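Pasting a structure here, questions to come.
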Amino acid sequence: MIDIKKLRDNFEDVKSSLITRGYSLDEPSFKALEDNRKLLQVEVEKLQADRKKLSGEFGKLKSSGEDTSALKKTIDLTNAELETKDLELQEILNSLNALLLDIPNLPHESVPKGKSEKDNVVIKNYGSIDTSNTLDHLEITNDIDTELAAKLSGSRFAVLKGDIAKLQRALISFMIDTAIKNGYHEYYVPFMANEDSLIGTGQLPKFEEDLFKTSDKLYLIPTAEVPLTNLFRNEFLDEKDLPIKVTSHTPCFRSEAGSYGKDTRGLIRQHQFEKIELVQITHPDHSMSCLDNLLANACEILEKLELPYQIIELCTGDLGFSSSKTFDIEVWMPSQNKYREISSCSNFSDFQARRANIKFKNKDGNNLVHTINGSGLAVGRCLIALIENNFNGSDSIKVPECLEQYFGSNEIKIN
RNA sequence: GGAGAGUUGGCUGAGUGGUCGAAAGCGCCUCCCUGCUAAGGAGGUAACUGGGCAACUGGUUCGAGGGUUCGAAUCCCUCACUCUCCGCCA
């Protein structure tokens, strides 16, 4: 949620900033609502003050045994007027709030301007790509079984077997241990979250169709960002503890509504996938350097895995709803002959902190923190990259050195 | 699933119809004192939000939502959560 004061005071600035990311503010309806709100709020608060005063007088009369009937008449009148005015005000406040919840975060000034992903900027390339192998992961190994998964659940699920299941487990352990080494505190969290949590991180109310909802009004988490960030919802943090760095491995659940026919083959786009998430709760003055730090933490994983990748800086038009600045890390996928997203590292500035009410106190008063997060990394896609990039072309997949202690071998034999 | 107890400020915790946004303690801030540190003394310190250029001045909030009342932290109802005991159980 953006700051409503900014909207009131710098409407034109906010409006033009939002246009760069393709969002057009409904100016007349905001202005009308805001003018009305101001008028009604002043009236309502005046009436409330009146009632307070009159009730005090009423009490005094009553306790000294005097007649209260005349005063009661006045109070009743005040209360009646208050009730109608307050109802009107609530309605306007609700509309205003709905409008506000719908507005995406403002892009940071450093974000390149652009309309779509075509305008994103490649800012780094790492490793050298090998175009000799064009087989995809399903063709290389039989231990990824989507037909079995279809029997169990449906499309966009997978069953992993044997060494591939083990390799996934090795990847998870390696990534979590790397995060811990980089100063992140490990959490094990619930995989279902309540509505308030999803509102806090920005998935609700706008993106409900992307989530799986249970019959108990809980949602399956689409990312560990939700539980990890909401650990701090409604908390006052100690300024000296910032930045707080936390991590968790969780499965992630996404309905993928609206992506019918897209990435239908293999592990690339599933309803359920494993991910290690990195979250930093930071001081607003240092959030950009924290984002750089988090991005480096995510890249380190790919470098240790010896996988070629590139970093993309998203342009204003391609930014996610809650983000003010985002770097995507894309890993080389031989079978697709292109780079695919494996992590998205974002600075949400105070957007989530305002929704989730995460603050710290200092001598200047109460301040919203900034929240940063990114994957470190998406395990399913990492598995694909590893299988496809490390396939020797005939009968084995090389296991990188950093995984050997977790996997127990330096290669996977294919039969 | 059954029975009971709770939910109050940054934290602990008093408060059972008006003088309560709320005692006390802790923490924090400012000042005093001590060579430094520790201890001690004085004062200040809830959040959110409106109006106003400002000085300043209103409103809301005691788990959430309803209700009773001129007036609710306090009484009633519904819900959520926490704790204890019983049952069941990985």
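Remember, predicted model here, so these are calculated numbers, not experimental data. Residue numbers begin at 1 in each chain, while the letters A, B, ... track the order of the sequences.
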Query - Polar side-chain atom of A/D350 near backbone of A/R354 as donor-acceptor pair, under 3.5 Å - result: no
Requested in this report: Could you list by number each residue of residues 81-98 of chain A showing a heavy-atom separation from RNA chain B of less than 4.0 Å, or answer none if no residue does?
Outcome: none
**Report entry** Protein-nucleotide distance (A/K72, atom NZ; B/U69, atom P), rounded to Å
**Finding:** 8 Å
**Report entry** Whole-angstrom distance between B/C77 and B/C89, as gauged at atom C1'
**Finding:** 34 Å
Query raised in the report: Looking only at atom C1', what distance separates B/A24 and B/U78, rounded to whole Å?
Result: 35 Å
Report summary line: In Watson-Crick or G-U wobble terms, with both distances under 3.5 Å, the base opposite B/G27 is B/U45
Report task. On the 0 to 90° scale, with breaks at 30° and 60°, tag the A/H185-A/Y187 ring pair as parallel, tilted or perpendicular. Result -> perpendicular
Report task. Look at the rings of A/F157 and A/H271 and say which category their plane angle falls in: under 30° parallel, 30 to 60° tilted, over 60° perpendicular. Result -> tilted
**Report entry** Length of the line joining A/F58:CZ and B/U19:P, which is rounded to integer Å
**Finding:** 15 Å
Report task. Give the rounded distance in Å between these two atoms: CG of A/N234 and P of B/G10. Result -> 11 Å
**Report entry** Side-chain donor/acceptor of A/T84 to backbone N/O of A/E81, under 3.5 Å
**Finding:** yes
Query raised in the report: Which part of the nucleic acid, if any, lies within contact of A/K52, taking any heavy atom under 4.0 Å across all strands shown: a base, the sugar-phosphate backbone alone, or nothing?
Result: sugar-phosphate
Report task. Would you indicate what A/D238 reaches in the nucleic acid, counting non-hydrogen atoms under 4.0 angstrom: base, sugar-phosphate, or nothing? Result -> nothing
Query raised in the report: Quick one: A/K53 NZ to B/G71 C1', roughly how many Å, whole number?
Result: 16 Å
Requested in this report: Output the residues of residues 186-195 of chain A in contact with RNA chain B, where contact means a heavy atom of the residue under 4.0 Å from an atom of the strand; sort by number or write none.
Outcome: none
Requested in this report: Tell me whether the centres of the aromatic rings in A/F351 and A/F321 are closer together than 6.0 Å.
Outcome: yes
Query raised in the report: Should B/U7 form a Watson-Crick or G-U wobble pair with both distances under 3.5 Å, which nucleotide is its partner?
Result: B/A80
**Report entry** Lys/Arg N to Asp/Glu carboxylate O, A/E341 vs A/R381, below 4.0 Å
**Finding:** no
Query raised in the report: Is it true that A/K72 and A/D76 have a side-chain N and a carboxylate O under 4.0 angstrom from each other?
Result: yes
Query - Pairwise side-chain contact, A/V399 with A/I397, heavy-atom cut-off 4.5 Å (strictly under) - result: no
Using a cutoff of under 3.5 Å, can you pull out all pairs of nitrogen or oxygen atoms linking the protein to nucleotides 76-82 of chain B, with atom names and distances?
none

Protein-nucleic acid N or O pairs under 3.5 Å, nucleotides 47-52 of chain B:
unit_1: B/A47; atom_1: OP1; unit_2: A/K361; atom_2: NZ; d: 3.4
unit_1: B/A47; atom_1: OP1; unit_2: A/N366; atom_2: ND2; d: 3.0
unit_1: B/C48; atom_1: OP1; unit_2: A/K359; atom_2: NZ; d: 2.9
unit_1: B/C48; atom_1: OP2; unit_2: A/N366; atom_2: ND2; d: 3.4
unit_1: B/G50; atom_1: OP1; unit_2: A/R8; atom_2: NH1; d: 2.3
unit_1: B/G50; atom_1: OP1; unit_2: A/R8; atom_2: NH2; d: 3.4
unit_1: B/G50; atom_1: O4'; unit_2: A/Q41; atom_2: NE2; d: 3.0
unit_1: B/G50; atom_1: O3'; unit_2: A/R37; atom_2: NH2; d: 2.7
unit_1: B/G51; atom_1: OP1; unit_2: A/R37; atom_2: NH2; d: 3.2

Requested in this report: Let me know the distance between CG of A/L237 and C1' of B/C28, rounded to the nearest Å.
Outcome: 16 Å
Query - A/D9 with A/K5: basic N within carboxylate O range, under 4.0 Å - result: no
Report task. Send over the distance from A/N79 CG to B/U68 P, rounded to a whole Å. Result -> 12 Å
**Report entry** Rounded distance in Å between the C1' positions of B/A3 and B/C62
**Finding:** 28 Å
Query raised in the report: Ignoring hydrogens and geometry, is there a side-chain-to-backbone donor-acceptor pair from A/R21 to A/N105 under 3.5 Å?
Result: yes
Report task. Taking atom types as modelled, find out whether A/T371 and A/Q352 have a side-chain donor-acceptor pair closer than 3.5 angstrom. Result -> yes
Query raised in the report: Is the closest side-chain heavy-atom distance between A/D102 and A/K206 below 4.5 Å?
Result: yes
Requested in this report: Taking atom C1' in both B/A90 and B/C76, compute the distance separating them and give it to the nearest angstrom.
Outcome: 42 Å
Query - Watson-Crick or G-U counterpart of B/A38, or none if no pair lies under 3.5 Å - result: none
Query raised in the report: Rounding to a whole Å, what distance do you find between A/K46:NZ and B/U60:P?
Result: 14 Å
Requested in this report: Applying salt bridge (Lys or Arg N to Asp or Glu O under 4.0 Å), run through A/E388 and A/R340 and close with a yes or a no.
Outcome: CA-CA 13 Å; A/E388 295 185 3; A/R340 294 298 306 258; over 6 Å; no
Report summary line: When rounded to whole Å, the CZ to P distance for the pair A/R233 and B/G63 reads 17 Å
Query raised in the report: Expressed in whole Å, how much space separates the C1' atoms belonging to B/G21 and B/U61?
Result: 9 Å
Identify each donor-acceptor pair in which a side-chain atom of residues 49-60 of chain A lies under 3.5 Å from a protein atom, sequence neighbours left out, and give them as a table.
unit_1: A/D50; atom_1: OD1; unit_2: A/K46; atom_2: NZ; d: 3.4
unit_1: A/D50; atom_1: OD2; unit_2: A/K46; atom_2: NZ; d: 3.1
unit_1: A/S55; atom_1: OG; unit_2: A/R51; atom_2: O; d: 3.1

Report summary line: Residues pairing under side chain to side chain donor-acceptor pair (under 3.5 Å) where one sits in residues 152-173 of chain A, two or more places apart or in two chains, turn out to be A/D145-A/K161
Query raised in the report: Using purine N1 to pyrimidine N3 plus N6-O4 or O6-N4 for Watson-Crick, or N1-O2 and O6-N3 for G-U wobble, both under 3.5 Å, which nucleotide pairs with B/G18?
Result: B/C70
**Report entry** Atom C1', compared across B/G17 and B/A73: separation rounded to whole Å
**Finding:** 11 Å
**Report entry** Spacing of the C1' atoms in B/U60 and B/C20 (rounded, Å)
**Finding:** 15 Å
**Report entry** B/G50: pairing nucleotide in any strand, Watson-Crick or G-U under 3.5 angstrom
**Finding:** B/U57
Query - B/C81 versus B/C28 - spacing of their P atoms, nearest Å - result: 36 Å
Report task. May I ask you to test the A/V189-A/E277 pair for a side-chain heavy-atom distance under 4.5 Å? Result -> no
Report summary line: Contacts of A/E235 and A/A49 projected onto RNA chain B by closest heavy atom; the upstream (5') one is A/E235
